[in-house]
Enquirer: 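Before I ask anything, here is the structure I am working with.
Note that these values count all heavy atoms, side chains included, but never hydrogens, waters or copies made by symmetry. Labels below follow one simple rule: chain letters A, B, ... track the order of the sequence lines, proteins then strands, and each chain is numbered from 1.
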Amino acid sequence: MAEQLARITEVHDLGMIALRGDLDAIAAALGMAAPDRTSIATEGDRMLGWMSPDEALLILPAASRAADLSRLTEALADRHALVADVSDARAVFDVIGPHADDVIAKLAPIDAGTMPAGHLRRTRLAQVAAAIWRIEGGFRVIGFRSVADYMRLVLANAAIPGSGLGPR
Amino acid sequence: MLILTCPHCGIKAEETELHNGGEAHLKRMGPGSSDEAFEDYMFARKNPRGVHLERWRHVFGCNKWFIAARCTMTLQVFGTYPAQTPAPPDHIVQAIRAARPDWNPTEEGVSE
């Protein structure tokens with residue numbers, strides 16, 4: 001009973017680049033395969049997530065974000081496209097533990113328990129926008145940094161010991 | 001609870017993930033139109049008890065607009081299609097007619 005449902009940790013070392021435009025052209029500029037609808041694909045130390053029919057999110061180590069930003073801006077210069085470094089506009093939380101799906105299920109209107117790996121679900125976390133996908137042992141949640149305090153609070157609250165959703 | 005499938009991302013989104021945008025397929029009346037036509041376009045909205053075509057935005061998801069055909073009385077959803085569609089597509093009309101044989105797409109939203 002004294003165990004938290006899941007451990008909530010904030011992740012700080014991620015770079016994120018928002019890409020808008022034709023997804024095939026963006027994928028070609030990246031040298032990665034275009035992501036399938038509502039999926040997130042890993043390639044080496046990079047991840048490419050499908051955000052909407054004309055938007056993708058590149059997640060990469062913070063160290064390589066400046067180099068990738070200028071490389072992508074150059075590659076997409078002759079197209080109608082947006083390349084924006086949004087690393088500092090995002091808050092990232094890892095929700096890891098045996099009952100991580102209970103924590104997510106309390107806050108988002110999604111079936112966290114049956115969410116497949118590789119699926120990127122944009123939804124709401126309590127009252128704020130978030131994107132959620134599976135990582136080993138739990139979920140990774142990204143949201144806007146302006147509401148990071150709120151996200152930290154609701155996640156910690158949903159993980160209070162003894163508040164699991166299963167029958168007792 | 002209302003659950004609509006976003007035609008852009010295929011997510012079955014629950015009502016709280018969406019934002020309602022009111023009546024769909026309005027014809028814009030601009031400069032040169034009569035005062036009556038502009039007043040109609042600006043203020044008059046259908047509020048049917050029955051089949052209604054309305055605009056929704058997947059605001060906590062892919063952020064795209066789409067149109068949902070649903071019954072305001074029974075909450076039956078007949079289907080959704082992208083907002084860039086000027087008139088209800090055939091498969092939506094057929095789905096509505098299967099449940100409401102009298103419904104006429106030229107006066108959408110005014111069945112019963």
Enquirer: Could you tell me which portion of A:T123 (side chain, backbone, both or neither) has an atom closer than 4.5 angstrom to a non-hydrogen atom of chain B?
Expert: both
Enquirer: Minimum heavy-atom separation for A:R121 and B:K12, please, with both atom names.
Expert: NH2-O, 3.7 Å
Enquirer: Identify the two heavy atoms, one from B:H8 and one from A:P53, that lie closest to each other, and give their separation to 0.1 Å.
Expert: CB-CG, 3.9 Å
Enquirer: Any link between A:L57 and A:L14 through a network of hydrophobic side chains (Ile, Leu, Val, Met, Phe, Trp, Tyr) touching at under 4.5 Å?
Expert: yes
Enquirer: Hydrophobic clustering (ILVMFWY, side-chain heavy atoms < 4.5 Å, transitive) - are B:W65 and B:L53 grouped together?
Expert: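 B:L53 and B:W65: separate clusters.
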Enquirer: Looking at every heavy atom in both A:R122 and B:E17, which two are closest together, and how far apart are they?
Expert: O-OE2, 3.8 Å
Enquirer: Do B:L18 and B:M1 share a hydrophobic cluster (ILVMFWY, side-chain heavy atoms under 4.5 Å, transitive)?
Expert: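 Looking at the clustering, B:M1 is in a separate group from B:L18.
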Enquirer: Is there a donor-acceptor contact under 3.5 Å from the side chain of A:R124 to the main chain of B:V59?
Expert: no
Enquirer: Compare every heavy atom of B:E14 with every heavy atom of A:P109, then report the nearest pair and how far apart it is.
Expert: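 Of all heavy-atom pairs spanning A:P109 and B:E14, the closest is CB-OE1, 3.5 Å.
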Enquirer: Taking the side chain as every heavy atom from C-beta outward, state whether B:K64 and A:D54 have any atom pair closer than 4.5 Å.
Expert: yes
Enquirer: Is there a path of hydrophobic side-chain contacts, each under 4.5 Å between heavy atoms, that joins A:W133 and A:V11?
Expert: yes
Enquirer: Look at atom NE2 of B:H19 and say whether more than 12 heavy atoms of other residues, nucleotides or ligands are closer to it than 6.0 Å.
Expert: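 No - once you tally the heavy atoms of other residues, nucleotides and ligands closer than 6.0 Å, there are 12 at most.
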Enquirer: Considering all heavy atoms of both residues, which atom of A:R37 and which atom of B:P7 are nearest to each other, and what is their separation?
Expert: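 Scanning both residues completely, I find the closest heavy atoms to be NH1-O, 3.5 Å.
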Enquirer: Under 4.5 Å between side-chain heavy atoms, hopping through other hydrophobics if needed: is there a path connecting A:L48 to A:L69?
Expert: yes
